[in-house]
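Notes follow the structure.
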Amino acid sequence: MSGKPRVRFAPSPTGYLHIGGARTALFNWLYARRLGGTFVLRIEDTDRSRSTEESVQVILDGMQWLGLDWDEGPIRQTDRTEIYKGHANRLIEKDLAYRCYCTPEQVEAMRLKQREEGAAQFRYPGTCRRQPQHPDQPHVVRIRMPESGETTFDDLVKGRITTSHDTIQDEVIMRSDGLPLYNFGVVVDDATMGIDVVARGDDHINNTARQILIYEALGYEPPRFAHLPMILGQDQKRLSKRHGAVSVTWYREEGYLSHAMVNYLVRLGWSLDDKTEIFSREELLRHFDLERVGCSAAVFDPEKLQWLNQHWMKETSDEDLASPLAEQLARLGIDAAGDPRLTRVAELYKARAKTLKEMAETARVYFTDGVAEFDEKAKRKFLVEASRPHLEQVRDQLKAGTACQIDESGLEGWMRDYAECCSLGLGKIAQPLRVALVGKTASPGICETISLVGREEAIRRIDAALGMIE
RNA sequence: GUCCCCGUCGUCUAGUGGCCCAGGACGCUGGCCUUUCAAGCCGGUAACGCGGGUUCGAUUCCCGCCGGGGACGCCA
């Protein structure tokens with residue numbers, strides 16, 4: 001194989017870009033980029049009843065978000081109908097394919113009959129194999145498949161795979177509406193686009209022998225194949241909508257970083273060595289290789305994704321986190337765009353949240369007037385008479401203190417002195433304060449929290465809390 | 001049912017005959033740190049599906065079984 005492969009990702013636009021598709025796209029992209037090859041994006045939209053334009057857009061957006069850029073395309077199969085027709089006609093002329101006039105109903109009847117007779121697998125009986133040709137009558141095109149023998153190929157990840165020809169029938173390659181069927185469309189496209197490595201889900205293994213036979217009938221050299229293991233849901237079944245969160249868009253909206261997604265997906269089926277889990281984009285580009293893709297299916301684990309997401313949030317600068325955080329806040333109805341505290345929230349919360357959405361949800365309290373919601377338990381425990389003097393002291397300090405006395409370090413010093421003075425642990429003062437400021441007992445350091453809330457607002461919140469003490 | 005693929009901790013994986021009484025990571029869990037919650041650090045938990053071979057020696061090779069997944073369309 002030459003050094004610079006041409007690979008492709010060929011989704012069908014019948015819904016969202018799901019996790020499995022994204023992983024396939026990623027592996028192809030990495031493979032191409034790593035070797036300086038070409039990555040082609042092709043839209044397999046020949047099923048007119050299921051393909052939609054919105055879906056094409058969703059797929060494009062998803063790839064863009066993941067940073068998977070393509071060199072050629074998107075090429076739509078529906079723009080290439082003449083090419084398929086031409087290839088089909090070539091096969092018919094050489095008698096390697098024939099027109100079949102059986103209606104779907106008739107074929108269905110044959111299928112039923114064969115099943116009743118106990119056939120293991122349906123095979124088209126070849127009714128039209130030798131019929132006179134009537135190009136003007138409604139028909140499909142079937143390819144003549146060998147009746148004996150076998151086809152073997154060496155899969156880049158699975159090794160040698162052999163398929164007996166008796167499991168292959170005279171496949172329909174063109175349907176009556178003049179559009180190609182999957183197995184024909186891919187072959188014509190991959191061949192004419194010069195694709196030399198096809199990496200796709202291993203649910204396509206069965207199709208591969210048929211496709212190789214089609215390559216051969218057409219007189220093209222088959223590419224190399226790499227069948228990637230499936231991604232399963234927690235119930236070990238093929239990942240599907242039933243499993244809930246399977247679309248790339250969903251993760252984006254839930255506040256995941258695209259790089260966390262990439263890092264997670266790449267580890268589903270691929271590993272570098274016995275210890276590396278974290279990969280930057282550059283490292284991936286340097287190390288990824290189809291040779292190290294495993295053979296067995298992987299279960300999608302949302303918790304590990306979350307862990308990676310937090311990891312990458314911690315690696316991302318506060319400035320870069322600010323704007324996606326603002327977007328998440330906007331989804332909660334809070335306009336924080338341009339607020340200088342955004343970077344501060346990112347700094348203090350990236351180790352405290354698994355996603356940007358979670359970060360926005362916990363941090364929204366800094367962008368509202370007063371505390372909208374109190375944790376009842378916390379309130380009962382800390383907004384009590386015993387806390388009153390401490391809350392008052394802090395409030396008065398905030399009111400009276402000079403700027404340098406109430407900046408974070410000044411405040412911290414003052415508070416420690418005060419606690420020592422009362423011979424109390426800092427917690428005795430900090431916890432009631434937390435509840436007053438954010439409505440619950442968990443927050444960043446108490447002085448950071450005060451600074452986030454802001455002096456004026458902190459005073460108001462403490463007063464409000466004092467009013468709640470009966 | 002038939003054909004194909006797969007089978008190491010709950011999960012993602014390393015491992016290509018001795019380095020493995022199996023390594024890393026997520027999760028779970030004990031501890032440390034600490035004004036709370038996280039994060040971080042240290043420790044623990046837990047796996048080679050089963051049965052036959054081959055071999056001085058099998059997680060690694062072969063066969064059978066079992067288990068899981070996938071494919072059997074005028075879907076892709």
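Chain identifiers are assigned alphabetically (A, B, ...) following the order of the sequence lines, protein sequences preceding nucleic acid strands; residue numbering begins at 1 within each chain.
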Which whole number of Å gives the distance between the [atom1] atom of [N] and that of [M]?
N	M	atom1	value
C9(B)	U45(B)	C1'	9 Å
C19(B)	C61(B)	P	16 Å
U35(B)	G44(B)	C1'	29 Å
C62(B)	G1(B)	P	26 Å
G23(B)	A14(B)	P	15 Å
C75(B)	U16(B)	C1'	39 Å
A39(B)	G27(B)	P	8 Å
A71(B)	U8(B)	C1'	27 Å

Pick the closest RNA chain B nucleotide for Ala119(A) and for Ser271(A) by heavy atoms, then say which residue is nearer the 5' end.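 Closest to the 5' end, via its nearest nucleotide, is Ala119(A).
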
Would you kindly compare Asp47(A) and Arg267(A) by the position of their nearest RNA chain B nucleotide and give the one closer to the 5′ end?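 Here Arg267(A) is the residue nearer the 5' end.
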
State, with a plain yes or no, whether a side-chain heavy atom of [X] is found less than 4.5 Å away from one of [Y].
X	Y	answer
Lys354(A)	Met359(A)	no
Phe225(A)	Lys158(A)	no
Lys440(A)	Phe374(A)	no

[X] has an atom [atom1]; how far is it from atom [atom2] of [N], in whole Å?
X	N	atom1	atom2	answer
Ile168(A)	C72(B)	CD1	P	13 Å
Glu277(A)	G23(B)	CD	C1'	12 Å
Leu305(A)	G27(B)	CG	C1'	14 Å
Leu383(A)	U36(B)	CG	P	18 Å
Gln236(A)	G67(B)	CD	P	15 Å
Asp274(A)	C48(B)	CG	P	20 Å
Phe382(A)	U36(B)	CZ	P	10 Å
Trp307(A)	C12(B)	CH2	P	16 Å

What contact category does [X] fall into here, base, sugar-phosphate, or nothing, at under 4.0 angstrom with non-hydrogen atoms?
X	result
Thr46(A)	sugar-phosphate
Leu268(A)	sugar-phosphate
Val172(A)	sugar-phosphate
Ser176(A)	base
Gly118(A)	nothing
Lys350(A)	nothing
His204(A)	base
Pro11(A)	nothing
Arg292(A)	sugar-phosphate
Asn207(A)	base
Lys304(A)	base

Do the side-chain N or O atoms of [X] get closer than 4.0 angstrom to the phosphate oxygens (OP1, OP2) of [N]?
X	N	answer
Arg416(A)	U35(B)	yes
Arg111(A)	G73(B)	yes
Lys275(A)	U13(B)	no
Arg210(A)	C3(B)	no
Arg238(A)	A71(B)	yes

Only one of Arg341(A), Arg344(A), Lys350(A) passes salt bridge (charged side-chain N to carboxylate O under 4.0 Å, His left out) with Asp318(A); say which it is.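 Of Arg341(A), Arg344(A), Lys350(A), salt bridge (charged side-chain N to carboxylate O under 4.0 Å, His left out) with Asp318(A) is met by Lys350(A) alone.
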
Should the pair Arg50(A)-Asp47(A) be classified as a salt bridge under the 4.0 Å nitrogen-to-oxygen rule?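 Salt bridge present between Arg50(A) and Asp47(A).
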
Quick one: do Lys304(A) and Glu277(A) make a salt bridge, cutoff under 4.0 Å?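 Salt bridge: yes.
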
Separation of Leu290(A) CG from Arg224(A) CZ (nearest 0.5 Å):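 Answer for the CZ-CG pair, Arg224(A) versus Leu290(A), is 10.0 Å.
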
Give the nucleotide from the list [options] with an atom nearest to the side chain of [X].
X	options	value
Ile205(A)	A38(B), C74(B), C4(B)	C4(B)
Leu426(A)	U36(B), G40(B), U35(B)	U35(B)
Arg142(A)	U11(B), U35(B), C74(B)	C74(B)
Ile161(A)	U35(B), A14(B), C4(B)	C4(B)
Gln310(A)	A38(B), A76(B), G24(B)	A38(B)

Verify, without hydrogens or angle tests, whether Ser55(A) (side chain) and Gly15(A) (backbone) share a donor-acceptor contact under 3.5 angstrom.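 Yes, because the side chain of Ser55(A) sits within donor-acceptor range (under 3.5 Å) of the backbone of Gly15(A).
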
